[in-house]
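Chain A is the first sequence line, chain B the second, and so forth, proteins listed ahead of strands; every chain is numbered from 1.
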2 protein chains.
Amino acid sequence: MAGKQATLDAADAVQPDNGGSKSARTRQRILDAAAKVFREEGYAGARLADIAAAADTKAGSLYYYFASREALVEEVLDEGLDRAFGETRRRVDALSADTPTIDRLATAIRAHLETVLKLDNYTSASIRMLGHVPEPIRARHMKRQAVYGAYWRELLEAAGAAGELRDGLDLSAARMLLLGMLNWSPEWYRRGRLSPEEIADQAAAMALGGLRK
Amino acid sequence: MAGKQATLDAADAVQPDNGGSKSARTRQRILDAAAKVFREEGYAGARLADIAAAADTKAGSLYYYFASREALVEEVLDEGLDRAFGETRRRVDALSADTPTIDRLATAIRAHLETVLKLDNYTSASIRMLGHVPEPIRARHMKRQAVYGAYWRELLEAAGAAGELRDGLDLSAARMLLLGMLNWSPEWYRRGRLSPEEIADQAAAMALGGLRK
DNA sequence: GGTGTTTTCTAATTTGAATTAGAAAATACT
DNA sequence: AGTATTTTCTAATTCAAATTAGAAAACACC
């Protein structure tokens, strides 16, 4: 056996065994393939045989690394959340301490959306699949996701407390509508006329215009 | 056999055979149940046995009215689109001819979102399922949906031509982002603190604030 | 109240995909 | 080179649902 839960925290730079052993690399290759196929086909449409083919192996071999299809799904979901949250927080934290709250919000919007639009398979797959996954998996994931939701709530509340938001705005509704605007994008975005950055600019301008005083 | 394609246009008030015969009513009951279960469980999660139970019948009996699970899916998709488009156009058309284009847009936003949030099972199911449905069905539906997309494009272009929109706005991106804001709502909305109308107001204010000059 | 027709049910059957078992192949270690 | 260990493959097996067949029940019409 080789499988281990791969919790990709900052912590795993310590134990340099991730891209390390061949086994670990194969596991990663399968997970990457799963993310890709789940993003493209959705939860129901992705068969283990498709995932195996994308990872250049056979369906039966997946079980050497993952206990079940659902285990694979769950790990893709979690990794997708970690990537969106990680990238968003990283870019917001990189702002200087005196950055106005409204600009922090703009940065978060761009970071989240660019992560999705750059076809990060994990994040896109995670967003698309969550509502279609079996209940126990969804429940577990939503608990983890709540942390990211709280992060957005804080961003909005900080902007509100700084008096930068329009009067009459309901922060809960605004948060869900805003995240919806971003999260629906995997359904329509295809490489095309506008780059991810350009679309992210449009989204940030649109959202801030709608939120700010 | 009783099945017929039930294209619910305004036209079918003419032939008064829809809520009419018992057979037609049973068929409708099954379709309603399917819409409900598809909305709740998603495309993959909804089993024919669930749909049958919700329609107070047995799985085998569904085949008397529908050729297959996919036929049922497709009819729910189409009906959902018709309802959203129908309600939106109806409310926009009810505006007086001299209504500013920006207010037409606001009305469309409210109409579309209220249709979804009032838990219209067909519309919500349609929005949620589209990306997860087998390719031939999706392709056919997208062709029909393009008409509704064009309707939104026209609303936006009219507002743009009237000089009511912000400079630098990309209308295609704005349209997808706006519809995303609305279409993601079935993923999070639950009867709760805010009514559909209140949320629709928030969405309209937010969207217009982001779009208008 | 009997006969034909429509509708519904139950009990197979089919299908498609996940999963498991166990043999083979590759790899690592001495 | 020889043995043990890890990894992968193929070929069942299992499982969950959709679908079909055909018997029963309900209904309509005479």
statement: Readout for nucleotides 18-30 of chain D: B = base within 4.0 Å of protein heavy atom, S = sugar-phosphate only, - = neither; 5' to 3' it is SBB----------

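For B:Ser195, the side-chain hydrogen bond (donor to acceptor under 3.5 Å, both in side chains) criterion is met by B:Glu198, not counting sequence neighbours. Listed by chain and number, the residues in a side-chain hydrogen bond (donor to acceptor under 3.5 Å, both in side chains) with A:Arg191 amount to none (sequence neighbours excluded). Judged as a side-chain hydrogen bond (donor to acceptor under 3.5 Å, both in side chains), and not counting sequence neighbours, B:Ser124 has no contacts. Applying the side-chain hydrogen bond (donor to acceptor under 3.5 Å, both in side chains) rule to B:Glu197 yields the partners B:Lys118; only residues at least two apart in sequence or on another chain are considered. Considering only residues two or more places apart in sequence or on other chains, A:Tyr151 meets the ring-ring contact (aromatic ring centres under 6.0 Å, His included) condition with A:Phe85. With sequence neighbours excluded, the residues satisfying side chain to side chain contact (heavy atoms under 4.5 Å, CB included) with A:Glu74 are A:Asp78, A:Ile137, A:Arg140. Residues that satisfy the ring-ring contact (aromatic ring centres under 6.0 Å, His included) test with B:His141, not counting sequence neighbours, are absent from this structure. In this structure, the side chain to side chain contact (heavy atoms under 4.5 Å, CB included) partners of A:Asp50, at least two apart in sequence or on a different chain, are A:Val37, A:Arg47.
Side-chain contact between B:Arg25 and B:Arg29: absent, with no pair of heavy atoms (C-beta onward) separated by less than 4.5 Å.
Side chain of A:Arg128 to backbone of B:Gly131: a donor-acceptor contact under 3.5 angstrom is found.
Only B:Thr57, B:Lys58, listed by number, bring a heavy atom of residues 50-58 of chain B to less than 4.0 angstrom from any atom of DNA chain C. Of the residues in residues 32-45 of chain A, not one comes within less than 4.0 Å of DNA chain C through any heavy atom.
Aromatic rings of A:Tyr148 and A:His112 (six-membered ring for Trp) have centroids within the 6.0 Å cut-off, being under it.
D:dT6 atom C1' lies 16 Å from atom CZ of A:Arg27, rounded to whole Å. If you measure from atom OH of A:Tyr64 to atom P of C:dT19, you get 19 Å, rounded to the nearest angstrom.
Defined by atom type and a distance below 3.5 Å, a donor-acceptor pair is missing between the side-chain atoms of A:Tyr122 and A:Asp82. Between the side chains of B:Ser68 and B:Tyr63, no donor N or O sits under 3.5 Å from an acceptor N or O.
If one axis is set at each end of the helix from C:dG1-D:dC30 to C:dT30-D:dA1 from five pairs, those axes are 10° apart, to 10°.
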